[in-house]
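To find a chain, count down the sequence lines: A is the first, B the second, and so on, and within it residues start at 1.
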Amino acid sequence: MPDIKVTPLGAGQDVGRSCILVSIGGKNIMLDCGMHMGYNDDRRFPDFSYITQNGRLTEFLDCVIISHFHLDHCGALPYMSEMVGYDGPIYMTHPTKAICPILLEDFRKITVDKKGETNFFTSQMIKDCMKKVVPLNLHQTVQVDEELEIKAYYAGHVLGAAMVQIKVGSESVVYTGDYNMTPDRHLGAAWIDKCRPDLLISESTYATTIRDSKRCRERDFLKKVHETVERGGKVLIPVFALGRAQELCILLETFWERMNLKAPIYFSTGLTEKANHYYKLFITWTNQKIRKTFVQRNMFEFKHIKAFDRSYADNPGPMVVFATPGMLHAGQSLLIFKKWAGNEKNMVIMPGYCVQGTVGHKILNGQKKLEMEGRATLDVKLQVEYMSFSAHADAKGIMQLIRMAEPRNMLLVHGEAKKMEFLKDKIEQEFSISCYMPANGETTSIVTNPSVPVDISLNLLKREMALGGPLPDAKRPRTMHGTLIMKDNSLRLVSPEQALKELGLSEHQLRFTCRVQLHDPHSDNDTLGRIYTHLKSHSVNASPYGPI
Amino acid sequence: MKLYCLSGHPTLPCNVLKFKSTTIMLDCGLDTTAALYFLPLPLVHSPRLSKLPGWVSKDGAVNLEKELKECSGRVFVDSQPEFCLPEKELLDLSTIDVILISNYHCMMALPYITEHTGFTGTVYATEPTLQIGRLLMEELVTFMERVPKAQAATCWKNKEIQRLLPGPLKDAVDVWSWRKCYSVQEVNSALSKVQLVGYSQKVELFGAVQVTPLSSGYSLGSSNWIIQSHYEKVSYVSGSSLLTTHPQPMEQSSLKNSDVLILTGLTQIPTANPDGMLGEFCSNLAMTIRAGGNVLVPCYSSGVIYDLLECLYQFMDSANLGSTPFYFISPVANSSLEFSQIFAEWLCQNKQSKVYLPEPPFPHAELIQTNKLKHYPSIHGDFSSEFRQPCVVFTGHPSLRFGDVVHFMELWGKSSLNTIIFTEPDFSYLDALAPYQPLAMKCVYCPIDTRLNFHQVSKLLKDIQPLHVVCPEPYTQPPPAQPHRSDLMLELQPPPMAYRRCSVLGLPFRRRYERIHLLPELARSLVPSEIKAGVSVATVSAVLQSKDNKHVLQPVPKPAPVPPSKKRKRVTEEPPEVLNPKPLLSGAVPLEPFLAMLHKVQHTLSLRPNQSAQSACR
């Protein structure tokens with residue numbers, strides 16, 4: 001029985017280091033190749049020895065597909081391709097291909113240059129790795145080889161985020177990556193057609209949450225920022241350089257303009273301007289409104305938001321600072337946080353999900369004393385706010401996507417086990433399809449039932465369709481007869497007569513005759529006549545050979 | 001399968017393909033050369049054009065002085081320019097299911113088709129094609145609506161009168177089908193029917209046919225189309241280029257194994273080499289500027305202009321043109337320049353890699369930033385105050401009948417210092433210049449047509465090996481001006497099927513098979529037996545289900561067991577009409593076992609009372 005096998009190497013009942021192996025129709029595909037923000041040791045990368053114990057990655061994998069540029073989806077890519085060794089194709093969309101190496105380089109700098117780690121991938125490795133990337137366009141069907149084809153759909157999570165459909169013959173799998181079902185200020189909503197995959201692999205970050213409307217959250221966010229700035233406090237917003245940052249910038253920019261506010265807004269790191277430039281050049285990946293108006297006014301040219309300099313952190317007076325990275329686990333955002341944490345007038349707004357083990361996660365859980373490197377502790381006095389701006393689908397969104405794609409089976413990754421459990425029950429109840437949630441290293445097998453494609457002779461088909469009348473009647477099915485010829489890997493269904501003719505066979509005639517002895521007193525002619533009329537009334541076919 | 005040819009113009013095609021119960025229109029080109037019969041529409045009042053004498057036939061019998069004007073020894077129609085539409089009478093256009101667009105030049109007749117024929121289908125095009133096509137349509141509308149003409153000339157179209165007219169007007173064909181330009185509302189409505197597609201995207205039409213656009217290398221988002229079922233494949237090649245300019249290179253391998261290849265949009269100037277022309281363009285431009293004259297480049301607002309600007313960007317400093325202002329004047333100049341920068345996915349490799357840096361893919365961004373290139377919506381407003389001479393002006397329309405270019409012709413035509421350089425190949429430059437004669441300004445003809453030439457196309461066809469080729473008639477004979485150049489035509493075996501306007505071609509196809517799916521339960525129940533080495537046969541008895549042009553064979557349902565209770569008899573549920581499987585009777589009959597079997601049968605038969613029967617086989 002053909003089946004599809006799925007093994008998460010990362011993101012199985014967990015968020016971080018997404019890496020899922022899929023075997024379908026004899027092909028092996030790796031979906032995403034991310035790192036875990038919460039670990040600094042070997043656990044930070046997926047466990048590739050799962051594959052390499054049986055040989056090289058290149059032999060095993062037919063292709064690698066990266067859904068978007070977040071490091072928990074692509075952070076292990078140079079490690080995998082250059083250090084473990086993989087030479088096959090890596091697929092990602094154009095914006096992902098453009099932005100991914102920059103974030104990888106950033107990540108490398110923080111780990112190697114700041115933390116002094118060795119045995120890590122180098123800049124050259126990132127470059128070599130990117131050379132193996134084949135760019136994907138939306139909706140383009142890419143033929144990886146004769147049998148395997150992949151197609152990308154818009155996912156709306158960050159610029160260039162994609163969902164992918166993987167198809168071999170009539171079997172198919174859709175992997176969502178991270179996605180968002182509600183359009184926001186700079187991106188559109190995820191969309192997929194009714195492709196009825198055998199399996200839908202979905203993220204489930206917000207498996208149990210149904211978030212209130214976006215407008216309310218935005219109003220809340222603006223109110224909190226405004227209040228803090230009014231009372232002279234400083235607002236720190238840890239973000240990743242690309243993605244939420246741009247949405248929040250657009251939000252603050254329009255608010256500042258409307259309210260005529262004077263407090264400065266800064267964006268840390270030199271990446272900002274570059275990042276905004278990517279948005280300008282890949283404007284076709286943003287939402288309808290921005291795309292329509294970009295000639296007149298480019299939304300990514302900000303008037304109020306300026307570049308941040310390290311020395312500004314000590315400036316008196318209110319300010320708003322966007323700083324990277326988003327989970328306060330390293331870099332500038334952590335530096336600023338340390339400076340401002342002691343003052344209760346200040347505020348930190350966490351606009352996205354924080355992985356376990358990061359400072360962001362700790363303060364969100366209400367921790368008031370943080371242990372820093374070198375045994376120092378840090379008192380957290382500033383206000384900590386959480387605003388879910390991460391563009392993940394919530395429970396409602398996930399259900400919506402299932403309704404869109406109509407999968408036959410469902411598999412959840414990229415979420416916490418407890419929450420997944422809840423969503424799994426809900427999905428099984430509502431759609432009566434099986435739902436799986438394998439842990440890392442655990443293999444799920446899904447039996448598919450592919451139909452067999454056959455070439456039917458047009459004559460036979462047309463004849464049968466004509467017999468069935470102009471409209472098919474589901475209640476009165478008709479049986480058709482044909483002969484299936486199997487020859488050189490081809491399957492053809494033809495009428496029995498044609499099959500015989502084609503194969504050069506003569507058909508045997510099968511005939512039954514029987515002799516009946518009658519004892520009749522009448523004359524022969526009389527008897528014959530009577531039998532004839534009798535048979536005729538029973539409408540028996542008189543055989544031409546019938547020598548009665 | 002049939003092909004209806006609604007346009008005879010080889011580079012502005014409009015064909016309709018009937019294939020497997022679908023009706024597909026391939027492109028929707030608008031022939032704007034009809035505008036050449038009309039007087040130019042000046043943007044600023046022109047004393048010369050307003051004082052032209054009306055035309056009266058020599059004997060005075062026909063007086064059309066209101067409609068026709070004599071200008072520079074030719075007669076022109078004094079009315080809003082009109083265009084020649086695709087043929088509307090050949091088939092009922094409301095039956096068209098989809099329209100496939102190959103590039104933005106080949107969609108200009110779209111509003112005429114989608115808005116006035118009862119069309120209810122979908123139009124498929126790539127995003128750059130849609131966006132730039134929209135710009136070109138809006139530009140055309142603005143050119144026309146900016147200078148409204150009170151009256152429309154129609155009397156001259158009368159067959160009896162047209163016969164008496166002089167010169168080219170007399171020979172104009174199908175004048176009654178000529179139409180004025182559409183409105184913005186019609187453009188918006190027509191373009192709202194467009195569904196966006198990406199290269200290599202497989203689009204299913206009614207489950208019967210699959211269409212796929214492929215990169216054609218001619219312009220941003222330009223595509224060739226594959227129209228195929230499981231067994232037949234038609235390739236539609238329209239406006240393709242093998243030269244490395246800004247668009248993504250042409251995808252060739254997917255065109256292989258076509259049963260029919262419809263070939264349109266080859267180069268219109270087969271004798272000119274685009275690279276040579278580009279060089280000539282630059283040197284003429286530099287020469288004129290150095291002599292203190294102005295250069296006028298009539299061009300479309302998108303396409304080759306990007307390449308011209310890029311070429312000038314590299315050429316400028318070496319030719320000492322650094323301080324010469326370049327102006328691009330069009331209602332859509334700004335949009336066109338901005339849009340060109342955001343279609344990274346549709347650009348050639350080295351432009352794509354620029355976007356990864358991130359830098360704008362086209363160098364005209366830098367020209368604008370450094371103020372070397374300035375763009376204006378029209379000659380009115382800012383332009384008139386900032387305008388410095390000598391300068392280079394890029395503006396439309398290349399027919400020289402409408403748009404801002406008319407003003408520059410009037411302004412600069414009198415001085416021999418100035419030069420006009422024709423780069424667009426769509427119009428004969430002599431016809432375009434006719435109403436401006438006598439002209440003192442220099443005139444240079446550097447047509448740049450990057451589309452396939454005959455040499456390239458015959459090599460391409462050799463590679464992809466289509467069974468049959470369909471092409472417009474002009475491609476099957478040498479150009480009329482060079483009858484001895486047999487290299488400037490298509491010579492193929494079998495010879496290409498030629499079409500002209502209003503042709504209906506039956507395409508040589510015999511469909512024999514259709515795809516059907518056996519449900520796995522049915523497939524499992526089959527008992528194949530080997531007839532010859534490598535050939536197996538199985539008898540199939542199944543129920544056919546056809547839905548949305550997809551066919552499925554299901555196992556025969558078992559007759560429902562008769563309910564044991566006899567109380568409720570419902571006659572409505574009839575058992576399915578099940579015929580017993582008919583075995584294939586063939587092959588050698590193993591005599592011994594057969595007779596033994598018969599013996600058994602006989603035995604059982606004879607057991608029955610009141611019957612003495614014998615069965616035998618003959």
Okay, A/Pro450 and chain B: the region with an atom under 4.5 Å from a heavy atom over there is backbone
Okay, side chain of B/Ser215, backbone of B/Pro249: is any donor-acceptor separation there less than 3.5 Å?
-> yes
Task: No-hydrogen, no-angle side-chain donor-acceptor test under 3.5 Å, B/Ser229 and B/Glu232 - done: yes
Ordered numerically, the heavy-atom neighbours of chain B under 4.5 Å found in residues 484-493 of chain A are A/Leu484, A/Ile485, A/Met486, A/Lys487, A/Asp488, A/Arg492, A/Leu493
Turns out that what part of B/Leu337 lies under 4.5 Å from chain A's heavy atoms comes down to neither
Whatever's closer than 4.5 Å to a heavy atom in chain A on B/Arg512 counts as backbone
Fill in: Any donor-acceptor N or O pair under 3.5 Å, side chains B/Glu251, B/Ser253
yes
Residues of residues 142-155 of chain A with a heavy atom under 4.5 Å from any heavy atom of chain B, in residue-number order, are A/Gln143, A/Glu149
Most contact-rich option vs chain A, by heavy-atom pairs under 4.5 angstrom, among B/His230, B/Glu359, B/Arg511, B/Gln341, is B/Arg511
Under 4.5 Å to a heavy atom of chain A? For B/Gln352 that would be side chain
Bottom line for A/Pro453: the part with an atom under 4.5 Å from chain B's heavy atoms is both
To the nearest 0.5 Å, atom CZ of A/Phe282 lies from atom NE2 of A/His277 at 11.0 Å
When the 4.5 angstrom heavy-atom criterion is applied to B/Pro213 and chain A, the contacting part is neither
Honestly, the part of B/Leu522 sitting under 4.5 Å from a heavy atom of chain A is neither
Rounded to the nearest 0.5 Å, the CD1 atom of A/Ile90 sits from the SG atom of A/Cys129 at a distance of 4.5 Å
inquiry  = Can you confirm whether more than 12 heavy atoms, excluding those of A/Lys167, are under 6.0 Å from its NZ atom?
reply    = no
Ring pair (Phe, Tyr, Trp, His ring centres under 6.0 Å) filter on A/Phe300, not counting sequence neighbours, yields A/Tyr279
Okay, B/Glu521 and chain A: the region with an atom under 4.5 Å from a heavy atom over there is side chain
So, the part of B/Glu127 with a heavy atom under 4.5 Å from chain A: the answer is side chain
(Q) If we ignore hydrogens and angles and just use 3.5 Å, is the side chain of B/Ser336 paired with the main-chain N or O of B/Ser301 as donor and acceptor? (A) yes
Under-4.0 Å salt bridge between A/Glu301 and A/Lys280
yes
CD of B/Glu345 to OG1 of A/Thr284, rounded to nearest 0.5 Å, is 4.5 Å
- In terms of ring plane angle, is the pair B/Tyr513 and B/Tyr231 parallel, tilted or perpendicular, where the classes change at 30° and 60°? tilted
**Asked** Between B/Ser340 and B/His246, does any side-chain donor sit less than 3.5 Å from a side-chain acceptor?
**Response** no
When rounded to the nearest 0.5 Å, the distance separating OG1 of A/Thr93 from OH of A/Tyr91 is 14.0 Å
Separation between NZ (A/Lys131) and CG (A/Asp128), nearest 0.5 Å, reads 4.5 Å
Applying a strict 4.5 Å limit to non-hydrogen atoms, the region of A/Asp455 in contact with chain B is both
Cut-off 4.5 Å, heavy atoms of chain A, and the answer for B/Lys532 is side chain
Residue set satisfying ring pair (Phe, Tyr, Trp, His ring centres under 6.0 Å) with B/His551, at least two apart, ordered chain then number -> none
